[in-house]
Amino acid sequence: GDIGTTSAVTISVTDGNSAPVALPPFNIVVAAGFNEALYSQVTPSQTTSLAVMYEVADGIATNGWTSTDTTPFMDLALDTATELHRIDLRDLPAIGDQVTGATITFMNNNSPVGSPITTGALPDDGSIVSFAISPPVTADKVRITLDSTASTTRGLAEVEIYSALAPGQTEVAAARDLFNTDTTAN
């Protein structure tokens, strides 16, 4: 899936002698991305078990994080400030424990950046919901606050936070670059 769309990009061209001519506006779609959440430092407001707090960002949609807080939140700290294009959320897969409202906020050096995203209700069956971050934001932390839920079981199955890959870069190469453990190019 696409990780974000920048709308109405306009390019002007000229031959150096004539007045510039504007090409028709078009959209740029970022189609490939790197899931930054997989490598983030996860910090919940409170969790029912320390063993499960990292399950919210492990790439497995059948487990997750739950909290006993009335309005729980989950912070995902990135290794460095990164331009983010999309965030995907999955509610817990059990029917009846639906997140009915959440707020996603972005921080860089402990200061808010970009505009918060208000989600509304997530699908109660754990289906993925994507939220484009438009315009993209450069952040080193993402906070997801569960504003309201349908039951006292409050949590998320999975969070995915996408940055753009460089042209021709694979997710494996991006992970290697993140940890700087191998210089073999992909």
Side-chain angles (χ1 to χ4, degrees), residues 1-7 30 33-164:
D2 299 336
I3 68 163
T5 302
T6 299
S7 300
V30 179
F34 180 71
N35 182 3
E36 301 284 343
L38 290 171
Y39 305 98
S40 65
Q41 173 66 44
V42 178
T43 307
S45 56
Q46 188 173 25
T47 187
T48 55
S49 164
L50 290 176
V52 301
M53 72 180 190
Y54 287 100
E55 291 180 355
V56 75
D58 65 358
I60 302 169
T62 56
N63 59 23
W65 154 76
T66 58
S67 176
T68 55
D69 280 353
T70 304
T71 310
F73 65 85
M74 174 67 62
D75 286 341
L76 293 101
L78 309 179
D79 189 44
T80 60
T82 305
E83 184 176 86
L84 306 175
H85 292 263
R86 185 184 87 209
I87 186 164
D88 295 347
L89 301 179
R90 288 182 187 266
D91 196 4
L92 295 168
I95 301 298
D97 59 12
Q98 181 180 27
V99 171
T100 55
T103 304
I104 304 164
T105 53
F106 307 96
M107 304 285 285
N108 196 28
N109 292 323
N110 294 316
S111 296
V113 293
S115 299
I117 297 172
T118 304
T119 68
L122 301 179
D124 196 24
D125 62 0
S127 299
I128 197 165
V129 180
S130 295
F131 300 92
I133 303 169
S134 183
V137 298
T138 299
D140 59 11
K141 182 167 71 172
V142 176
R143 173 172 281 188
I144 300 148
T145 304
L146 305 184
D147 300 317
S148 59
T149 58
S151 78
T152 56
T153 303
R154 300 172 188 95
L156 292 168
E158 194 66 23
V159 174
E160 299 171 0
I161 305 166
Y162 287 94
S163 61

*Asks:* Quick check against the 3.5 Å criterion: does Thr43 have a side-chain atom that pairs as donor or acceptor with the backbone of Asp75?
*Replies:* no
*Asks:* Mind checking the CG-OG1 spacing from Leu146 to Thr70? Nearest 0.5 Å is all I need.
*Replies:* 11.5 Å
*Asks:* Where do Met74 and Pro44 come nearest, in terms of heavy atoms and distance?
*Replies:* CE-CB, 3.6 Å
*Asks:* Report yes or no: does Asp140 contribute a side-chain atom to a donor-acceptor pair with the main-chain N or O of Leu78 at less than 3.5 Å?
*Replies:* no
*Asks:* What's the spacing between Asn108 CG and Thr138 OG1 if we round to 0.5 Å?
*Replies:* 7.0 Å
*Asks:* Could you pull out every donor-acceptor pair under 3.5 Å between side chains of residues 111-123 and any protein atom, sequence neighbours left out?
*Replies:*
from: Thr119; atom 1: OG1; to: Ala102; atom 2: N; distance (Å): 3.0
from: Thr119; atom 1: OG1; to: Ala102; atom 2: O; distance (Å): 3.4

*Asks:* Flag the pair Ile104 / Leu89 as yes when at least one side-chain heavy-atom distance between them is below 4.5 Å, and no otherwise.
*Replies:* yes
*Asks:* Nearest 0.5 Å please: distance from the CG atom of Leu84 over to the CD1 atom of Ile133.
*Replies:* 5.0 Å
*Asks:* Are the side chain of Glu55 and the backbone of Ala157 linked by a donor-acceptor contact shorter than 3.5 Å?
*Replies:* no
*Asks:* Return the CD to CD distance between Glu83 and Glu36, rounded to the nearest 0.5 Å.
*Replies:* 11.0 Å
*Asks:* Looking only at atom types and distance, does a side-chain atom of Asp97 sit under 3.5 Å from a main-chain N or O of Ser151, one as donor and one as acceptor?
*Replies:* no
*Asks:* Look at the side chain of Ser45 and the backbone N and O of Pro72, then say whether any donor-acceptor pair between them is shorter than 3.5 Å.
*Replies:* no
*Asks:* Side chain to side chain contact (heavy atoms under 4.5 Å, CB included) between Asp88 and Tyr162: does it pass, once the steps are laid out?
*Replies:* CA-CA 8 Å; Asp88 295 347; Tyr162 287 94; 3.5 Å; yes
*Asks:* Enter the distance from Lys141:NZ to Ser40:OG here, rounded to the nearest 0.5 Å.
*Replies:* 12.0 Å
*Asks:* Strictly distance-based, threshold 3.5 Å: is any side-chain N or O of Arg154 a donor or acceptor partner for the main-chain N or O of Asp69?
*Replies:* yes
*Asks:* Looking at CG of Leu38 and CG of Leu76, how far apart are the two atoms once the value is rounded to the nearest 0.5 Å?
*Replies:* 10.5 Å
*Asks:* Keeping the roles fixed (side chain from Asn35, backbone from Ile161), state whether a donor-acceptor pair exists under 3.5 Å.
*Replies:* yes
*Asks:* Could you tell me whether the side chain of Asp147 and the main chain of Thr103 form a donor-acceptor pair under 3.5 Å?
*Replies:* yes
*Asks:* Considering all heavy atoms of both residues, which atom of Trp65 and which atom of Phe73 are nearest to each other, and what is their separation?
*Replies:* CZ2-O, 3.7 Å
